[in-house]
Amino acid sequence: MADLLGSILSSMEKPPSLGDQETRRKAREQAARLKKLREQEKQQKVEFRKRMEKEVSDFIQDSGQIKKKFQPMNKIERSILHDVVEVAGLTSFSFGEDDECRYVMIFKKEFAPSDEELDSYRRGEEWDPQKAEEKRKLKELAQQQEEEAAQQGPVVVNPASDYKDKYSHLIGKGAAKDAAHMLQANKTYGCVPVANKRDTRSIEEAMNEIRAKKRLRQSGEELPPTS
């Protein structure tokens, strides 16, 4: 009997020590704080959503407004606002580089922003429809001029002044083509005029004289003087 009672007592858990009790107490308190924080966060989300629904509803009813810019929000708040806007049938975008500075802009469907307007907001600039229209017209004009220039072909550039006049003190007035002279071939080139010939004898007379000189040299006779 004693052995049975002893085995039962040994199998039972020992009562917690003072340290274990303190640890469990702290764990219960921490769990209660976390639960309270979750409930507060949930309540804050509910209140924030109600506030956004009120602002979006006022925006829809105001016919003078086509867009609305909200103050910077955290990621959770932006997500709630985007959801409210989608349910209301509007359009929304987030802008801003840093997460802390990002904000939401909402637009009515019939006044949805253009790509140029969205790019302006992404660059951190204010959208000016008048300046955008002027920029668009200038762009169209430049494109039209490029198309006309392409159809006309390469542009011929005429110098403002003639280089020959500018450098006349160096190259003179009669330079390049202006200084070229028309040359004509001399038809008598290679032909010596009869008046310029020293020997006016005919070929037959010259040959006879050569033969006579040859015979005289062979006979040893003295050549008579030539006139």
Side-chain angles (χ1 to χ4, degrees), residues 23-161 163:
T23 302
R24 292 179 181 180
R25 183 184 65 80
K26 290 181 178 179
R28 288 194 299 269
E29 291 178 354
Q30 184 176 4
R33 285 196 299 269
L34 290 175
K35 183 179 180 181
K36 185 177 181 180
L37 289 174
R38 292 193 186 98
E39 291 176 354
Q40 290 177 351
E41 183 179 357
K42 183 178 180 180
Q43 183 63 28
Q44 289 176 355
K45 290 180 180 179
V46 172
E47 293 176 356
F48 179 80
R49 185 180 184 92
K50 289 181 178 180
R51 189 168 70 251
M52 292 298 101
E53 289 175 348
K54 175 67 167 56
E55 293 190 23
V56 170
S57 177
D58 294 341
F59 168 73
I60 294 174
Q61 295 176 9
D62 188 353
S63 59
Q65 277 189 311
I66 62 175
K67 61 185 176 181
K68 179 178 176 63
K69 178 180 178 180
F70 290 83
Q71 294 297 323
M73 304 175 183
N74 58 44
K75 186 175 181 180
I76 296 176
E77 292 173 340
R78 293 196 306 270
S79 176
I80 294 174
L81 179 54
H82 285 305
D83 185 62
V84 172
V85 170
E86 183 178 1
V87 172
L90 305 179
T91 303
S92 62
F93 297 91
S94 293
F95 303 101
E97 296 295 334
D98 299 331
D99 187 67
E100 297 179 355
C101 299
R102 286 184 70 81
Y103 62 93
V104 176
M105 287 189 69
I106 64 175
F107 303 83
K108 293 181 179 179
K109 285 287 187 179
E110 59 271 25
F111 300 103
S114 63
D115 293 338
E116 292 81 4
E117 184 175 358
L118 292 176
D119 290 339
S120 178
Y121 295 137
R122 292 188 181 103
R123 293 192 300 267
E125 302 173 357
E126 292 295 331
W127 171 250
D128 189 337
Q130 185 176 358
K131 290 183 179 180
E133 181 64 18
E134 294 176 356
K135 185 177 180 180
R136 184 187 64 80
K137 290 181 179 179
L138 290 175
K139 185 177 180 180
E140 290 180 354
L141 180 60
Q143 184 177 359
Q144 182 180 358
Q145 291 176 349
E146 290 180 359
E147 293 176 355
E148 292 177 355
Q151 294 176 357
Q152 293 176 359
V155 179
V156 179
V157 180
N158 295 321
S161 61
Y163 77 95

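Worth saying up front: this structure is predicted, and the values here are computed from it rather than measured.
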**Fill in**
CG (Leu118) and CZ (Arg123) are apart, to the nearest 0.5 Å, by 10.5 Å
**Prompt:** Can you name the closest pair of heavy atoms from Gly96 and Arg102 and give their distance?
**Reply:** O-NH1, 2.5 Å
**Request:** Please say whether more than 12 non-hydrogen atoms of neighbouring residues, nucleotides or ligands are located less than 6.0 Å from CD in Gln40.
**Result:** yes
**Request:** Could you grab the distance from atom CG of Leu81 to atom CZ of Arg49, nearest 0.5 Å is fine?
**Result:** 10.0 Å
**Item:** Side-chain donor or acceptor of Asp98 paired with backbone N/O of Glu100 under 3.5 Å
**Value:** no
**Asked** Is any side-chain heavy atom of Gln144 less than 4.5 Å from a side-chain heavy atom of Glu140?
**Response** no
**Complete:** Closest non-hydrogen atoms of Lys109 and Leu90, given as atom of the first, atom of the second and distance, are CE-O, 3.8 Å
**Prompt:** Between Glu117 and Lys67, is there a side-chain N and carboxylate O pair less than 4.0 Å apart?
**Reply:** yes
**Message:** Is it the case that over 12 heavy atoms from other parts of the model lie below 6.0 angstrom from the CD atom of Glu126?
**Reply:** no
**Item:** Contact check, side chains of Val56 and Glu53, non-hydrogen atoms, under 4.5 Å
**Value:** no
**Request:** Would you mind reporting whether Phe95 and Arg122 have side-chain heavy atoms less than 4.5 Å apart?
**Result:** yes
**Reported CD-to-CD distance for the pair Glu147 and Gln143, which is rounded to 0.5 angstrom** = 5.0 Å
**Message:** Tell me the closest heavy-atom pair linking Phe70 and Met52, and the distance in Å.
**Reply:** CE2-SD, 4.0 Å
**Asked** Would you call the rings of Phe107 and Tyr121 parallel, tilted or perpendicular if under 30° counts as parallel and over 60° as perpendicular?
**Response** tilted
**Prompt:** Rounded to the nearest 0.5 Å, what separation is found between the CD1 atom of Ile80 and the NZ atom of Lys45?
**Reply:** 6.5 Å
**Message:** Please find the pair of heavy atoms, one from Ile60 and one from Lys108, that lie closest to each other, and give the distance.
**Reply:** O-NZ, 3.6 Å
**Prompt:** Would the number of heavy atoms belonging to other residues, nucleotides or ligands and lying under 6.0 Å from CD of Glu86 be above 12?
**Reply:** no
**Complete:** Output for pair (Arg51 CZ, Glu47 CD), nearest 0.5 Å, gives 8.0 Å
**Asked** Ion pair present between Asp58 and Lys54, side-chain N to carboxylate O less than 4.0 angstrom?
**Response** yes
**Message:** When you compare the side chain of Ser92 with that of Arg78, does any pair of heavy atoms fall below 4.5 Å?
**Reply:** no
**Request:** Could you tell me the separation between the CD atom of Gln71 and the CD atom of Glu77, rounded to the nearest 0.5 Å?
**Result:** 11.5 Å
